[in-house]
Amino acid sequence: MIHTVGVADMKISAQKGDLIITHALGSCLGIAVHDPVACVGGLLHVMLPLSTIDPEKAQRNPFMFVDTGFPELLIDCLETGALRQRLDVRVAGGANSRNREEDDFFQIGKRNLIVLRKLLWKNGLLLKSHDVGGNISRTMSLEIGTGKVTIKSGGQMKNL
Amino acid sequence: MALNILVVDDSSVMRAIIIKTLHLSQLPLGEIHQAANGQEALKVLDGSWIDLALVDINMPVMDGEEMINRLRQNPATEDLPIIIVSTEGSESRKEVLMQKGARFVHKPFTPETLRDAILRILGGLDEQKAGDGTLQGGYPNF
């Protein structure tokens, strides 16, 4: 079954035949977490770095912000049977909204990545791989059975 | 096989960051030794079996370059895998050290960069399979 993750959304699965996919990752982050032994995985599509700009909105939808969405992703995966020490974490997105990084006034993509970096360090996790930055849009998918993460961008597809 | 690793840096904070990264890298760790300069490191190496040394260059008492020179002159440590973790910017100085068999990780580094350098020097990460953990995209050091 194919599950589509919208913007500010998350899906978790423990079904080996499932594929979770999210589209249009610009400055947003797609964060994929997978336990290859338990075959549990999740994909999160977050928009903004910190929930402090609108805590009420973060309470209604934690998947809007990196600092509230990523902990939810970890907790839900662990509650579904994943083990923290087996988790593979991959990230894609975090692009500039302008052609040149210095023209991107708000630098949302970069700030999203910085907040994620802090959360990973705090939670004792390292990234398995990442495909971030630039000024492209990406589609990210996660196969629950294999843990394979694929990035599609500009008509090209690659494994992450 | 558990790896005994020596971390040589005059900053205790940097040593703590490197040691935390080692623990997160899921390496089979044995003993982790620390030294604040080259002279202390040589003493540790005299008394303990070390499989890998992570060495800063700019340190008081004895710097990393002098320490590596002494290691390479000693038959017991001439083949010791060494990763230099330093802010050193001089390409010529880096080249000299790399000719002595050391790898180089530039500060500031991401934990993944250090993990991959360790796996490469220990033969656990194929250079050709650069997809895993290697830096891609527009932010080389996010």
Side-chain angles (χ1 to χ4, degrees), chain A residues 25-27 29-30 36 49 66 83-102 104 107 109-118 120-138 140 147-151 153 156 158-160, chain B residues 2-3 5 7 9 11-30 32 52 54 83 85 87 103 105-142:
Chain A
L25 290 166
S27 61
L29 297 186
V66 180
L83 275 187
R84 176 188 290 258
Q85 57 269 32
R86 291 196 303 241
L87 286 180
D88 288 336
V89 185
R90 293 179 161 91
V91 62
N96 302 309
S97 58
R98 297 285 181 275
N99 282 343
R100 297 188 313 160
E101 191 186 333
E102 51 271 35
D104 184 3
Q107 302 219 322
K110 195 172 188 174
R111 287 163 54 207
N112 280 338
L113 289 164
I114 289 167
V115 172
L116 178 65
R117 169 63 71 203
K118 286 181 181 171
L120 287 168
W121 186 249
K122 200 173 160 186
N123 283 283
L125 294 166
L126 296 187
L127 287 173
K128 183 88 173 164
S129 57
H130 61 268
D131 181 20
V132 297
N135 56 2
I136 53 173
S137 176
R138 296 165 168 97
M140 183 183 202
K148 190 168 138 185
V149 174
T150 307
I151 303 294
S153 179
Q156 305 235 312
K158 65 180 175 186
N159 294 330
L160 189 61
Chain B
L3 296 165
I5 298 181
V7 181
D9 199 304
S11 159
S12 60
V13 173
M14 184 51 67
R15 293 200 302 273
I17 289 170
I18 291 171
I19 289 168
K20 180 170 176 180
T21 304
L22 290 172
H23 285 292
L24 297 183
S25 298
Q26 298 184 329
L27 293 161
L29 295 178
I32 296 182
L52 169 69
L54 304 169
I83 297 175
V85 185
T87 54
R103 299 285 185 117
V105 170
H106 202 276
K107 290 178 188 168
F109 56 86
T110 64
E112 289 83 8
T113 311
L114 186 61
R115 172 197 63 191
D116 291 352
I118 293 167
L119 292 176
R120 281 200 181 93
I121 204 166
L122 297 174
L125 185 65
D126 189 343
E127 303 263 1
Q128 301 301 314
K129 293 177 186 168
D132 264 14
T134 28
L135 301 166
Q136 298 179 18
Y139 301 128
N141 260 324
F142 89 84

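For the atom pair CG (A/L127) and CG (B/L24), the distance works out to 11.5 Å, reported to the nearest 0.5 Å. To the nearest 0.5 angstrom, A/H130 atom NE2 is 6.5 Å from B/T110 atom OG1.
Proximity to chain B is absent for every atom of A/I136, based on heavy atoms less than 4.5 angstrom apart.
Across all non-hydrogen atoms, the minimal contact from A/K128 to B/R115 is O-NH2, 3.9 Å.
Residues B/I17 and A/W121 meet the side-chain proximity criterion, which asks for heavy atoms closer than 4.5 Å. Residues B/Q26 and A/L126 are not in side-chain contact: their nearest non-hydrogen atoms beyond the backbone lie 4.5 Å or more apart.
The number of heavy-atom neighbours closer than 6.0 Å to CD of A/Q156, taken from other residues, nucleotides and ligands shown, is 12 or below. The local environment of NZ in A/K148 is sparse, with at most 12 non-hydrogen atoms from other residues, nucleotides or ligands closer than 6.0 Å.
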